[in-house]
Amino acid sequence: ETHDVRTATDDLVASLARANPNLSRPSGYDRAKIGGRRGLHTVLSNVSDATGQQERIAVFTVLLRDASLFYALGVAPRDRFSDYEGTFRRVVGSIQIMD
């Protein structure tokens, strides 16, 4: 729990990285809107356990009223990520948060 979406997102990424040493750290964050609220977006790189191939992970985060972190992940093969990124954004843009 935190009152800062950046710190909470950093904690999420660190937690994911502890579980997967091949996961890259984000170079930075972009602004994103989730459920009409200001949040963050970043893209991570990883090697898929299932295929052994490079993949990219779109991470979207926003703080809820109770200061917990809501996040959504979109995963695609690295060479196809640009084909899916717009869809990931549209899905996240359609989320409605009712807390």
Side-chain angles (χ1 to χ4, degrees):
E1 251 182 57
T2 183
H3 297 286
D4 175 351
V5 69
R6 172 69 184 255
T7 301
T9 303
D10 286 341
D11 290 347
L12 170 66
V13 171
S15 175
L16 295 171
R18 279 191 299 276
N20 188 343
N22 293 318
L23 190 72
S24 72
R25 296 287 182 143
S27 59
Y29 296 104
D30 299 318
R31 294 179 186 175
K33 282 251 184 189
I34 303 172
R37 300 175 193 192
R38 283 193 251 158
L40 296 176
H41 164 259
T42 192
V43 177
L44 308 174
S45 295
N46 189 40
V47 176
S48 170
D49 288 338
T51 66
Q53 300 298 312
Q54 289 284 324
E55 63 187 7
R56 298 191 76 191
I57 304 163
V59 179
F60 298 87
T61 60
V62 67
L63 285 179
L64 300 178
R65 288 192 183 122
D66 68 358
S68 60
L69 185 70
F70 174 86
Y71 64 92
L73 306 175
V75 181
R78 180 180 170 185
D79 61 346
R80 303 274 321 273
F81 185 78
S82 61
D83 297 336
Y84 289 94
E85 190 170 22
T87 301
F88 296 154
R89 288 183 180 276
R90 283 190 299 281
V91 168
V92 168
S94 73
I95 292 172
Q96 295 182 5
I97 298 173
M98 302 170 92
D99 61 337

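Treat the numbers as computed from the prediction; the structure is a model and nothing was measured.
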**OP:** Take Leu16 and Ile57, measure what side chain to side chain contact (heavy atoms under 4.5 Å, CB included) needs, and give me the verdict at the end.
**Re:** CA-CA 11 Å; Leu16 295 171; Ile57 304 163; over 6 Å; no
Original post:
Going from CG on Leu44 to CG on Leu73, what distance comes out if it is rounded to the nearest 0.5 angstrom?
Top reply: 8.5 Å
**OP:** Could you check Val92 against His41 for side chain to side chain contact (heavy atoms under 4.5 Å, CB included), going step by step and ending with a plain yes or no?
**Re:** CA-CA 10 Å; Val92 168; His41 164 259; over 6 Å; no
Original post:
Should Phe88 and Leu23 be counted in the same cluster of Ile, Leu, Val, Met, Phe, Trp and Tyr side chains packed under 4.5 Å apart?
Top reply: no
Original post:
CZ/Phe60 to CG/Asp30 distance, rounded to the nearest 0.5 angstrom?
Top reply: 9.5 Å
Original post:
To the nearest 0.5 Å, what is the distance between CG (Leu63) and OG (Ser68)?
Top reply: 8.0 Å
**OP:** Output, in order, the C-alpha distance, side-chain angles, deciding distance and verdict of side chain to side chain contact (heavy atoms under 4.5 Å, CB included) for Gln54 and Val47.
**Re:** CA-CA 5 Å; Gln54 289 284 324; Val47 176; 3.4 Å; yes
**OP:** Taking all heavy atoms of Gly28 and all of Thr42, pick out the closest pair and write down the distance.
**Re:** O-OG1, 2.8 Å
Original post:
Do Phe70 and Val5 share a hydrophobic cluster, counting only Ile, Leu, Val, Met, Phe, Trp and Tyr and linking them when any side-chain heavy atoms are less than 4.5 Å apart?
Top reply: no
Original post:
Do you know which of Thr9, Asp10, Thr61 makes side chain to side chain donor-acceptor pair (under 3.5 Å) with Tyr29?
Top reply: Asp10
Subject >> Non-hydrogen side-chain atoms of Val59 and Val43 separated by less than 4.5 Å >> reply: no
Subject >> Audit row: Ile34, Arg37, side chain to side chain contact (heavy atoms under 4.5 Å, CB included) steps and yes/no >> reply: CA-CA 5 Å; Ile34 303 172; Arg37 300 175 193 192; 5.8 Å; no
**OP:** Hey, could you give me the CG/CG distance between Leu12 and Leu69, rounded to the nearest 0.5 Å?
**Re:** 6.0 Å
Original post:
Would you say the side chain of Glu55 lies within less than 4.5 Å of the side chain of Ser48, judging by non-hydrogen atoms?
Top reply: yes
Original post:
For Gly74 and Phe81, which heavy atoms make the closest approach, and how far apart are they?
Top reply: O-CE1, 4.4 Å
Original post:
If you look at every heavy atom in Thr87 and Asp83, which pair is closest and at what distance?
Top reply: OG1-O, 4.5 Å
Original post:
Hey, what do you get for CZ (Arg78) to CD (Gln53), rounding to the nearest 0.5 Å?
Top reply: 11.0 Å
Original post:
In Å and rounded to the nearest 0.5 Å, what is the CZ to CD distance from Arg80 to Glu85?
Top reply: 14.0 Å
